[in-house]
Protein chains: 2
Amino acid sequence: MRKDAVQNRERLLRAARRLFADRGLDVPLDEIARVAGVSIGTLYNRFPTRDALVEAVFADRRATVADLAEQALATDDAWEGFAAFLTAVCELQAADLGYNDLAARTAPVDGDRGYGLMLEIVERAQSAGDLRADVTLADLAFVIWGVSATVAATRQTSPAAWRRHLALMLDGLRAAGARPLPGPPLPAARDC
Amino acid sequence: MRKDAVQNRERLLRAARRLFADRGLDVPLDEIARVAGVSIGTLYNRFPTRDALVEAVFADRRATVADLAEQALATDDAWEGFAAFLTAVCELQAADLGYNDLAARTAPVDGDRGYGLMLEIVERAQSAGDLRADVTLADLAFVIWGVSATVAATRQTSPAAWRRHLALMLDGLRAAGARPLPGPPLPAARDC
DNA sequence: AGCTAACTTGAGGGCTGTCTCAAGTTGAGG
DNA sequence: CCTCAACTTGAGACAGCCCTCAAGTTAGCT
């Protein structure tokens with residue numbers, strides 16, 4: 001790839017990162033091109049679809065989440081690790097409206113490195129008797145979806161409000177005082 | 001108002017009710033007109049803005065919610081009333097994608113009849129020692145927003161999944177085993 | 001310096017949805 | 001039956017965003 005092409009690619013990524021973070025994944029592509037100081041045609045040359053751009057911008061996130069999962073497993077207390085992991089993921093969401101959108105739209109993929117780790121986090125916390133036994137990994141989507149909605153709704157006015165939401169959900173996930181859950185657990189959904 | 005005009009208005013409302021319910025509040029207006037068997041111009045004659053149409057379609061909902069709140073207060077057990085109220089509201093959301101959108105976008109208005117009743121539901125459940133003392137009425141938005149997101153995400157594949165989400169939140173709202181919440185409660189937000 | 005493949009450009013066509021308004025139609029009172 | 005205010009109509013102006021491609025430019029090799 002030519003030197004100038006590489007530079008343009010990076011400008012585009014920088015612009016997209018910023019705009020996605022501030023305004024969400026649906027920001028117009030021509031605006032990204034404009035902020036990058038590049039024509040819309042060049043953007044399409046480098047990233048043929050919006051998804052390709054999103055994927056490139058958030059490529060590191062999957063690994064970041066997997067790292068967080070490993071840290072969680074390294075924590076002595078199983079519940080503490082579990083709670084810290086969820087909190088960290090939600091912090092990523094709160095810090096970046098684009099990732100907030102992305103997290104709410106995509107489910108963890110089965111083959112992924114993070115998937116196995118997350119499963120382990122859940123099972124460990126359940127074995128320790130701290131996490132209620134009737135939840136599954138898929139139920140954590142409720143936390144992600146819920147916090148995503150709260151972040152989107154309160155970002156401007158109460159940027160820390162999601163922490164209350166998360167705290168309520170964590171208390172709901174505790175084994176102590178849990179009432180049985182209705183219905184079957186969520187199937188391990190592919191996406192959305 | 002002329003007889004045919006009244007009839008057209010009702011056709012529009014019927015069409016809008018159906019389309020909002022199936023596809024959410026953002027369904028194109030010209031499609032509503034088409035389904036109603038009326039021109040787009042007529043739609044704009046009757047309802048100058050989308051909000052006016054939405055308002056007309058869901059005009060009864062505010063009263064419905066207030067009625068539900070009254071029923072909740074008529075329940076002997078304070079917590080049971082509280083939980084039944086939230087469940088009923090979420091059932092409205094699950095049954096109508098349009099209302100699901102609406103509930104997530106608008107906060108209960110201060111002067112509203114339902115507002116006072118909901119306040120009472122919360123306070124009664126807190127006085128009974130069942131609902132944790134550190135939540136406020138505004139915190140119930142987390143339930144609405146969260147369930148709204150879950151309904152939107154799982155409607156097609158697991159239409160009852162929101163009940164698990166709600167059950168987790170209800171357990172999180174219980175006084176028993178509650179950990180202190182972080183941050184200040186949400187300000188009584190106007191909208192959104 | 002000259003050449004060429006790689007790259008950039010941005011006007012323009014396409015699509016979807018909103019909203020308007022001049023012209024035509026019709027219900028209903030007199 | 002006549003009249004006219006009320007109503008309906010739908011083409012079309014407008015706006016936002018997507019995506020393409022023919023023409024022009026440039027990096028980098030020889």
Side-chain angles (χ1 to χ4, degrees), chain A residues 1-58 97-102 104-106 152 191-192, chain B residues 1-58 97-102 104-106 152 191-192:
Chain A
M1 205 159 79
R2 248 165 59 176
K3 189 179 69 179
D4 57 337
V6 172
Q7 194 187 19
N8 282 338
R9 201 186 118 95
E10 258 146 35
R11 280 187 192 179
L12 282 166
L13 285 176
R14 266 198 299 276
R17 216 184 315 274
R18 241 184 66 114
L19 287 173
F20 284 157
D22 291 349
R23 315 238 310 268
L25 286 189
D26 292 331
V27 76
L29 291 179
D30 53 2
E31 197 169 342
I32 295 177
R34 227 187 44 232
V35 169
V38 141
S39 87
I40 180 68
T42 296
L43 189 154
Y44 277 96
N45 279 345
R46 296 290 137 240
F47 306 100
T49 66
R50 178 183 226 97
D51 276 359
L53 178 57
V54 169
E55 169 64 28
V57 166
F58 295 106
L97 211 47
Y99 184 69
N100 193 51
D101 288 353
L102 190 62
R105 285 180 202 179
T106 61
D191 280 36
C192 227
Chain B
M1 204 159 79
R2 249 166 57 177
K3 188 179 68 181
D4 57 337
V6 173
Q7 194 186 20
N8 282 338
R9 201 186 118 95
E10 258 146 35
R11 281 186 192 178
L12 282 165
L13 284 176
R14 266 198 299 276
R17 216 184 314 274
R18 240 184 67 112
L19 287 172
F20 284 157
D22 292 348
R23 315 238 309 268
L25 286 188
D26 292 331
V27 77
L29 292 178
D30 53 2
E31 196 170 344
I32 294 177
R34 226 187 45 232
V35 169
V38 141
S39 86
I40 179 69
T42 297
L43 188 154
Y44 276 96
N45 279 346
R46 297 289 137 243
F47 307 100
T49 66
R50 176 181 230 103
D51 275 359
L53 178 56
V54 169
E55 169 63 27
V57 166
F58 296 106
L97 210 47
Y99 184 69
N100 193 52
D101 288 353
L102 189 62
R105 286 181 202 180
T106 61
D191 280 37
C192 225

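All of these numbers come straight from a predicted model, not from anything done at the bench. Chain letters run A, B, ... following the sequence lines, proteins first, then strands; residues in each count from 1.
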Quick one: side chains of residues 40-51 of chain A, donor-acceptor pairs under 3.5 Å with protein atoms, not counting sequence neighbours, listed by atom name and distance.
from, atom 1, to, atom 2, distance (Å)
A:T49, OG1, A:D51, N, 3.4
A:T49, OG1, A:A52, N, 3.0
A:R50, NE, A:L25, O, 3.0
A:R50, NH2, A:L25, O, 3.3
A:R50, NH2, A:D26, O, 3.4
A:R50, NH2, A:V27, O, 2.1

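- Closest approach of B:D101 and B:G24 over heavy atoms only: OD2-CA, 3.4 Å.
- For the segment residues 1-23 of chain A, residues with any heavy atom less than 4.0 angstrom from an atom of DNA chain D are, sorted by number, A:R2, A:K3, A:D4.
- Nearest-nucleotide assignment on DNA chain D puts the 5′-proximal partner with B:G37, out of B:G37 and A:Y44.
- Among the atoms of the strands shown, none is found under 4.0 Å from any heavy atom of A:R34.
- Each of B:P48 and A:N45 lies near DNA chain C, and the nucleotide nearest A:N45 is the one positioned closer to the 5' end.
- Contact between A:R23 and A:P28 at its shortest, heavy atoms only, is NH2-CD, 4.1 Å.
- Atom P of nucleotide C:dG17 and atom CG of B:L43 are separated by 15 Å, given to the nearest angstrom.
- One atom, CZ of B:F47, and another, P of C:dT18, lie 15 Å apart when rounded to the nearest Å.
- In this structure, the separation between CE on A:M1 and CD on A:Q7 is 11.0 Å, given to the nearest 0.5 Å.
- Taking atom CG on B:D51 and atom P on C:dT18, their separation rounds to 12 Å, with Å as the unit.
- A 4.0 Å heavy-atom criterion places the boundary nucleotides of DNA chain D facing chain B at D:dA6 to D:dA11, written 5' to 3'.
- A:L102 contributes atom CG, which lies 8.0 Å from atom CZ of A:R105 (distance to the nearest 0.5 angstrom).
- Residue A:L29 is classed as a sugar-phosphate contact, given heavy-atom separations below 4.0 Å to backbone atoms only.
- Between A:L13 and A:A56, the closest heavy-atom pair is CD2-CB, 3.8 Å.
- Between A:A33 and A:L12, the shortest heavy-atom contact is CA-CD2, 4.2 Å.
- Using the six-membered ring where Trp is involved, A:F58 and A:F20 have ring planes that are parallel, under 30° apart on the 30 and 60° scheme.
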